[in-house]
Each structure stands twice: as structure tokens, then as C-alpha cells.
Amino acid sequence: MGEQLRQVQHELDATIRQGDETAGHVAEIADILGRMSPRLDDVEQGVAALGGMVEGAVAGAGARDAALSLTPALRWSQLDRTARHAAWDALGVFVSEVLNDDYQLSRLELPDCWPVHPRAVRELAWLRTLHISSSDPGTRPELVAEWHVRWLPAAIANLAVAIDGRECAPGKHRVTEEERRRYDGAVREAGSAGRHQPELTSERGVDRPRYFPDQFPPLRGHDSSYGARPARVALLDADTPAPPSRPEHWRVYFLDARMAAIGEDGTDT
């Protein structure tokens, strides 16, 4: 009996020691969990923030893709009527806010009649696409610089090829200098004789020849017709830069070209 009691006591002591060890482990685990809890909160907050960033990036990418799809350089003629309307409006905003306001392109770099030259429209469409791509907040600086030093100058050079400067200049489209002078003379003669002002051309359509004397810029060199039109601004010397392009210079061309593209029942904006 005594031997059994000692055995039981031994086992009880062992159980007590194990219980103490277990309690010690539980206390250590509780302490570790207590220290980890703030870290877990930080992790949860970080995961939530990362999720928000991912959602924002996805939404931003979606908006960027939508903006890029508005002015396709290669599929412009394949757009349906609604898409053409949106494309023209997006292009007009880009030219006004970026090329006119931000970069102050001159009326020689960006001729007034660009909207009625299909190739010029395509050139500006891909330039807008590249501008959006280089304007993302995370874009590397060298890619942003490439838009400034490569793509913008390339587009300006391409516009000079797409629009013949011998016939198209600020204030005129498809009219040579000699034709402009003859037309000015015909207008003066009609005014002296009390007749109606003659039409510049019998052509019709978006690409018809046009001449806007009030928008004709200061000329370089000698202009034999200067003085015949008192309202014309005085001539500038050869060192004076061309005046900057503004929406009012190309708006008439733009509205006509857009209307021709989207149909007669389009709405002007």
C-alpha cells in the first residue's frame, strides 16, 4: 500500500510540474500574441490600403485605356458615329488645352486649317495618345522627356508635311498668295462699284478654299496689298515670331470637319 501511495504521489508531482510548465507556455504565448496584435492590426491596415491602391490602379488604368481609345490614329475611319463624335471632341480639347494653352504652338506650327486635313487629324490623334501615356503619375522621367524632345517635334514636322504651306497659312486654306491678292482686288472693285462681295470659290464642302482676312496674321516681308485693308494689322519684321494658335483660329474648320464626320444632326459644343 505504501509503495502505491508513493507511486501516486510521484505521478501527482509530475502532473503538477507539467501543469506549471503548461501554464508557463500559455503565459508566454499570451505575451507573444499580445505583442503581435498591434502588428496584425498594422498588417490588416496595410492589406486594406494595398487593396485600395490596387482597386485605384485598376480604375485608373480603365480610365486611361478609355481615354486612349478615344483618338485612335489608325482606326479613325472605322469608328461608328457616336465614337467619331467623342473622338473629335476629345481631340479638340487636347489641342485647346495642351497644344494651345500649355505649349503655345504658333499658327505656323499648328495651321488654322488642321481639322480639314485628314492626315493632320491622324497626326494629332496619335500625339494625344502619346501625351496621355506619358502623363501617368508613375511614368519614368525619361519617357516624359521623350514626349517633349521626340514626339512633339515629330508631330510638328509631320504637320508641315501634311499641310502645304504654299496654299495653307493662318487665315487661309487652299489659297495661294496670288489668289489672295486677286481676291482682295476683286473685293475692292466690287465695293467701289456698289456690287456684292464676290465669292472666293464656287467649291463647296469641308475642304473648300477659304480666306479669312480678319484672321490673316502679320505678314513677313513686303505685302503689296497692305494698306488696301485698313483693319489689317501692321507688318512685323522677320525676327518677330508667329502669333500663338488659339481655338478661335481653328474653330470654324473644326466644327465643319466634325459635322462632316458625324453627320448633319450632330450637336455643336
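In this chain, numbering begins with 1 at the start of the sequence shown.
Between atom OG of residue Ser135 and atom CG of residue Leu130 there is a gap of 10.0 Å, rounded to the nearest 0.5 Å. Of the inter-residue distances, the one linking Leu79 atom CG with Ile262 atom CD1 reads 12.0 Å to the nearest 0.5 angstrom. Arg84 CZ to Asp89 CG: the interatomic distance, rounded to the nearest 0.5 Å, is 13.0 Å. To the nearest 0.5 Å, atom CD1 of residue Ile156 and atom CG of residue Leu110 are 8.5 Å apart. Rounded to the nearest 0.5 angstrom, His148 NE2 and His131 NE2 are separated by 7.0 Å. In this structure, OG on Ser245 lies 9.0 Å from CH2 on Trp114, to the nearest 0.5 angstrom.
Side-chain contact between Trp250 and Gln215 is absent, with no heavy-atom pair separated by less than 4.5 Å. Side-chain atoms of Val121 and Phe254, non-hydrogen and from C-beta on, never get closer than 4.5 Å to each other. Within the 4.5 Å cutoff, the side chain of Val98 has no heavy atoms near those of the Val93 side chain. Counting heavy atoms from C-beta on, the side chains of Asn158 and Leu127 never come closer than 4.5 Å. Using a 4.5 Å cut-off on side-chain heavy atoms (C-beta onward), Val95 and Leu105 make no contact. The shortest side-chain heavy-atom distance between Ile163 and Pro111 falls under the 4.5 Å cut-off. Inter-residue side-chain proximity for Arg246 and Asp101 is flagged as met; some heavy-atom pair is nearer than 4.5 Å. Using a 4.5 Å heavy-atom threshold, the side chains of Pro244 and Asn100 count as separate.
Listed by first and then second residue, the side chain to side chain donor-acceptor pair (under 3.5 Å) pairs involving residues 90-99 amount to none (not counting sequence neighbours). Among residue pairs with one or both ends in residues 110-120, those qualifying as salt bridge (charged side-chain N to carboxylate O under 4.0 Å, His left out) are Arg107-Asp112, Arg119-Glu123; sequence neighbours excluded.
By the side chain to side chain donor-acceptor pair (under 3.5 Å) test, Trp88 is found to be paired with no residue, residues two or more places apart in sequence or in another chain being considered. Taking the side chain to side chain donor-acceptor pair (under 3.5 Å) definition, one finds that Arg210 meets it with Asp256, sequence neighbours left out. Taking Arg195 as the reference, nothing meets the side chain to side chain donor-acceptor pair (under 3.5 Å) condition, with sequence neighbours excluded.
Two rings, from Tyr103 and Trp151, have their centers 6.0 Å or more apart.
His117 and Asp207 share no donor-acceptor pair across their side chains, judged by distance under 3.5 Å alone.
No continuous path of hydrophobic side-chain contacts links Val144 to Leu152 [ILVMFWY only; heavy atoms under 4.5 Å].
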**Asked** Step by step, would you call Arg180 with Glu177 a salt bridge (charged side-chain N to carboxylate O under 4.0 Å, His left out)?
**Response** CA-CA 5 Å; Arg180 180 181 65 80; Glu177 287 295 297; 3.0 Å; yes
**Request:** For Glu179 and Arg174, run side-chain contact (heavy atoms from CB on, under 4.5 Å): C-alpha distance rounded to whole Å, both residues' side-chain angles, the deciding distance at 0.1 Å, then the answer.
**Result:** CA-CA 10 Å; Glu179 288 172 334; Arg174 291 185 55 215; over 6 Å; no
**Request:** Kindly indicate, with the supporting measurements, whether the criterion salt bridge (charged side-chain N to carboxylate O under 4.0 Å, His left out) is fulfilled by Asp184 and Arg188.
**Result:** CA-CA 6 Å; Asp184 282 349; Arg188 290 195 301 272; 5.1 Å; no
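Across all their heavy atoms, Lys172 and Cys113 have their closest contact at O-SG, 4.4 Å. Taking all atoms of both residues into account, the shortest heavy-atom contact from Glu203 to Thr201 is N-OG1, 3.0 Å. For the pair Ala120 and Leu159, the tightest heavy-atom approach, listed with the atom from each and the gap, is CB-CD2, 3.6 Å.
Tyr183 contributes no side-chain N or O that, together with a main-chain N or O of Glu178, makes up a donor-acceptor pair within less than 3.5 Å. The main-chain N or O of Ser106 is found under 3.5 Å from a side-chain atom of Glu109 such that the two form a donor-acceptor pair.
Hydrophobic cluster membership of Val252, counting Ile, Leu, Val, Met, Phe, Trp and Tyr whose side-chain heavy atoms lie under 4.5 Å apart directly or via other members: Val116, Val206, Phe212, Tyr253.
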